[in-house]
4 protein chains.
Amino acid sequence: MRPGLKRLAKKTRPDSIRAEVPATGPGSEKYQRILDAAVEVIAEHGYFSSPVSAIAKRAGVADGTIYLYFKSKDDVLRTAIDSTFDKFHRQVEEEFRTLHDPRAQLEYIAQVHLESHAVNRSMAVLMQTEVRQSAKFIAEFSHHHLVKYIQVVREVVRRGQQEGIFRRDVSDGVVAHCMFGAIDELLSSAVFTGRVYDSKATAAQVMDVLLSGIQTK
Amino acid sequence: MRPGLKRLAKKTRPDSIRAEVPATGPGSEKYQRILDAAVEVIAEHGYFSSPVSAIAKRAGVADGTIYLYFKSKDDVLRTAIDSTFDKFHRQVEEEFRTLHDPRAQLEYIAQVHLESHAVNRSMAVLMQTEVRQSAKFIAEFSHHHLVKYIQVVREVVRRGQQEGIFRRDVSDGVVAHCMFGAIDELLSSAVFTGRVYDSKATAAQVMDVLLSGIQTK
Amino acid sequence: MRPGLKRLAKKTRPDSIRAEVPATGPGSEKYQRILDAAVEVIAEHGYFSSPVSAIAKRAGVADGTIYLYFKSKDDVLRTAIDSTFDKFHRQVEEEFRTLHDPRAQLEYIAQVHLESHAVNRSMAVLMQTEVRQSAKFIAEFSHHHLVKYIQVVREVVRRGQQEGIFRRDVSDGVVAHCMFGAIDELLSSAVFTGRVYDSKATAAQVMDVLLSGIQTK
Amino acid sequence: MRPGLKRLAKKTRPDSIRAEVPATGPGSEKYQRILDAAVEVIAEHGYFSSPVSAIAKRAGVADGTIYLYFKSKDDVLRTAIDSTFDKFHRQVEEEFRTLHDPRAQLEYIAQVHLESHAVNRSMAVLMQTEVRQSAKFIAEFSHHHLVKYIQVVREVVRRGQQEGIFRRDVSDGVVAHCMFGAIDELLSSAVFTGRVYDSKATAAQVMDVLLSGIQTK
DNA sequence: CATGAATGAGCGTTCATTCAT
DNA sequence: GATGAATGAACGCTCATTCAT
């Protein structure tokens, strides 16, 4: 891509040769190893109780090496959280292309959210423990991700209301927060107790409660 | 030493009466001032960014004084969180003596939970931001409180199921987590955005969703 | 590797002629580029605030390359200072072959010294800011150069005294230090304030003061 | 002084009892010990080669203690340099009250300047080695001090010119820089070689050269 | 010759905790 | 009981230097 530009700048090194992955870039193996190590260590001890040296050790690199790949300790955590949310949103976006029923869409979101536990337990712990921390640098950028998540749910709820599937006399915002909070709490509880569950089945149960309520008719 | 001063200050109250409240115990005024200061400061800057000296300054005492009342910095935070949960449970227990309808009981819990924001904003911030921290010393004992909260809700749900008010085909655990999570997330969102709301009205909305679901009949 | 490129650049000069200048020796182009870059960067930020990587970048070489041409970071600075003093002494020596009047000799030294600002401003800054640093490795070898400078002036003064042009009742050492210090301070002041001046005119003024004093007769 | 104000704020602690010297203030013994240690260590190894830990060790305190008395490592050096210049200016100001002849005034300045070597050799080294360093934070505030010194000399020179004692056809700025430079260089040379001299006699010699020139009549 | 990723010792600074007063 | 000066371990981060390629 943009071959003209590149060729102009580095005429002697054709794109065909190691065009991908700059040595210390996001794609390199060490980059990923550091990220994974950081997620593990921070999940175990918390951000502030995880010295950079502990992350480096877990990743099998020297302390200083971390700073070849990331600007700061903050940057490592930020990157890990960003990429998790990004993956979540990409997955949801992809599925929504073929899944149009609002009920099914909500259930899909619930399921993907709950699956995170199984996919990467450390990351799930980290998301539960650090994302809402009050340290301003984390809180502020994390908040942005949560807002985006809520917005996606709100849009689905609004569409469901327009289509007459959902009640119009409840606030889409309240519903979105309730749904996110319910799922997040189930996940959180599992994270803290070490319980495992079936994501699909649990998602179905949550949706049943959300859609029909718990009161007998 | 300095017996004159002491006598001057306490002259009106014989030692025999103050015996139950040790000078540095939970009842003393300074004890409470330190706790309040800690909650405020930690709510503003986070636990790890709140030096003990900042808490001492806010409380109007010397740094060292804190260690006459608490074993450690951890201990201060732990105590603050403990007492908040204790108060919550006492309040719920008290109300349940006269409030027996499971629906009303759940709504009462929701309302008290949501009210915490208005009652002590700093404490609400702290509960949202520090309680789930992964720093082991906080996470582990916090978990105990959350479990107790969930258990109270589960019992109410189970009673509702026995009384035929709630559906029997949903798990009381899932319902409890959903309810706690929904309320907590609404509170959390308000904390982060600085929004204010009407606790009673919001509690009613949440209960409406939880009891009746969002699906049109 | 990349033999084509190399051959293109050096095609006109057979190896037999380049034999005297080892590839990484003082005569090579890269050697000089590194020295120049070092002087510039150090003049801008100071020795201790100039990472080797910054010098390498400015010189357009890799960090490691510097160590092919110099033993250490110290060595780069030392070499730069050495070569500046050497050039100064060579220039003075050359001129003295045809310039024999002690007054004219002193004025020539003053002028060359003051000209350094115009010739290479970065080098002038570096000479004013780093040469007297207390970091032992710099201070000690710099001192040697200053001593040599003073000695040249002393010899001129002594010759002037022998020739009856200069008073015999003042110490040649004191005079030499006064002259060096006066010129150096004028240069230093210009370096720090960014002022520019006419080297010849300023040299004349300094010599006027030194030769005739400031007192009215 | 300002007893009303003080009494208002601290009514219970009469001024007569330890009215001077706040515990960590500039007057305390440890404050001075740290300053002295810093001057010594920095004079020996240079600012950037003097870890705070080395200064602390020399002062016989823990590393952290330094930060109870100074804001930063910079602050220690800055304070040392400031107080030296302040003392110099106070001394000159004081003497000028009774010493009015411009020639005598210049000679007094020269003498005080040269005496610094004997008074505190480490401080003299530090003044020679760090004051003109290029590290911006030092250079900029140091420059301010040098400018003030030069200004004092210029004023004396101008007064001498008005009184007809000094030639009017030489620039007061050039004369001031020459004089400062000459003295500073003599001092510097003594500092680097370890030579000792008689301040009064040397000051007299410098003034002789400056006033009468080195040329025979 | 040239590269630049990797190293790890060393830096300035913070802060929970202690203890002499 | 109360103080706050003092401690020193621990932190995040930098950078001179090496060495496999």
Side-chain angles (χ1 to χ4, degrees), chain A residues 22-24 28 30-31 48-57 60-76, chain B residues 1-3 5-6 9-10 22-24 28 30 48-57 60-76, chain C residues 1-2 6 22-24 28 30 48-57 60-76, chain D residues 22-24 28 30-31 48-57 60-76:
Chain A
T24 62
S28 91
K30 241 168 221 178
Y31 181 93
F48 286 105
S49 305
S50 299
V52 169
S53 60
I55 296 172
K57 196 175 212 174
V61 300
D63 295 15
T65 303
I66 302 230
Y67 292 87
L68 296 176
Y69 293 83
F70 299 92
K71 282 204 300 288
S72 63
K73 190 188 173 190
D74 295 9
D75 190 35
V76 181
Chain B
M1 24 189 107
R2 294 199 307 162
L5 217 67
K6 222 169 195 168
K10 310 268 182 181
T24 61
S28 94
K30 250 174 211 177
F48 286 104
S49 303
S50 298
V52 169
S53 61
I55 295 170
K57 194 176 206 176
V61 300
D63 297 14
T65 304
I66 293 199
Y67 290 86
L68 297 175
Y69 291 84
F70 300 92
K71 283 204 306 287
S72 65
K73 189 188 172 189
D74 295 6
D75 190 34
V76 181
Chain C
M1 27 186 107
R2 296 200 307 162
K6 223 170 196 168
T24 63
S28 95
K30 248 174 212 176
F48 286 104
S49 303
S50 298
V52 169
S53 61
I55 296 170
K57 197 176 203 175
V61 301
D63 296 15
T65 303
I66 293 198
Y67 290 85
L68 297 175
Y69 291 83
F70 299 92
K71 282 205 305 286
S72 65
K73 190 189 173 189
D74 295 7
D75 190 35
V76 180
Chain D
T24 61
S28 93
K30 241 170 222 178
Y31 180 92
F48 286 106
S49 305
S50 299
V52 169
S53 61
I55 296 171
K57 196 174 212 174
V61 301
D63 295 15
T65 303
I66 301 231
Y67 292 87
L68 296 176
Y69 293 83
F70 299 92
K71 284 204 299 289
S72 62
K73 189 189 173 189
D74 294 9
D75 190 35
V76 180

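Numbered from 1 within each chain, the chains take letters A, B, ... in sequence-line order.
- Taking every heavy atom of both residues into account, C:S50 and C:I55 meet most closely at O-CD1, 4.5 Å.
- The side-chain contact (heavy atoms from CB on, under 4.5 Å) check on C:Y69 picks up C:T24, C:S28, C:K30, C:Y31, C:I34, C:T65, with sequence neighbours excluded.
- If you check every strand for non-hydrogen atoms under 4.0 Å, D:F70 touches nothing.
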Please list each protein N or O that sits under 3.5 Å from an N or O in nucleotides 9-13 of chain E, with the distance.
residue: E:dG12; atom: OP1; partner: D:K73; partner atom: NZ; Å: 2.6
residue: E:dG12; atom: OP2; partner: D:V52; partner atom: N; Å: 2.9
residue: E:dT13; atom: OP2; partner: D:Y67; partner atom: OH; Å: 2.5
residue: E:dT13; atom: OP2; partner: D:K73; partner atom: N; Å: 2.9
residue: E:dT13; atom: O5'; partner: D:Y67; partner atom: OH; Å: 3.4

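- Checking B:G60 against A:T65, the closest nucleotide of DNA chain F that is more toward the 5' end is the one next to B:G60.
- Just one residue in the list C:V52, C:D75, C:V76 forms a side-chain contact (heavy atoms from CB on, under 4.5 Å) with C:Y67, and that residue is C:V52.
- Put simply, D:Y69 has no side-chain N or O that comes within less than 4.0 Å of OP1 or OP2 on F:dA5.
- Nearest heavy-atom pair, B:A56 versus B:D63, reported as atom, atom and distance to 0.1 Å: CB-OD1, 3.6 Å.
- Residues C:L68 and A:K30 both approach DNA chain E. Their nearest nucleotides, taken by heavy-atom distance, put C:L68 toward the 5′ side.
- Rounded to an integer number of Å, the gap from CD1 of A:I66 to P of F:dC11 is 14 Å.
- When rounded to the nearest whole Å, the span between CG of A:D75 and P of F:dG12 equals 14 Å.
- Atom NZ of C:K57 and atom C1' of F:dA16 are 17 Å apart (whole Å).
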Legend entry - Secondary structure of DNA chain E in dot-bracket form (Watson-Crick or G-U wobble, distances below 3.5 Å, | marking inter-strand pairs): .||||||||||||||||||||

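- Of all heavy-atom pairs between B:S49 and B:P51, the closest is O-CD, 3.3 Å.
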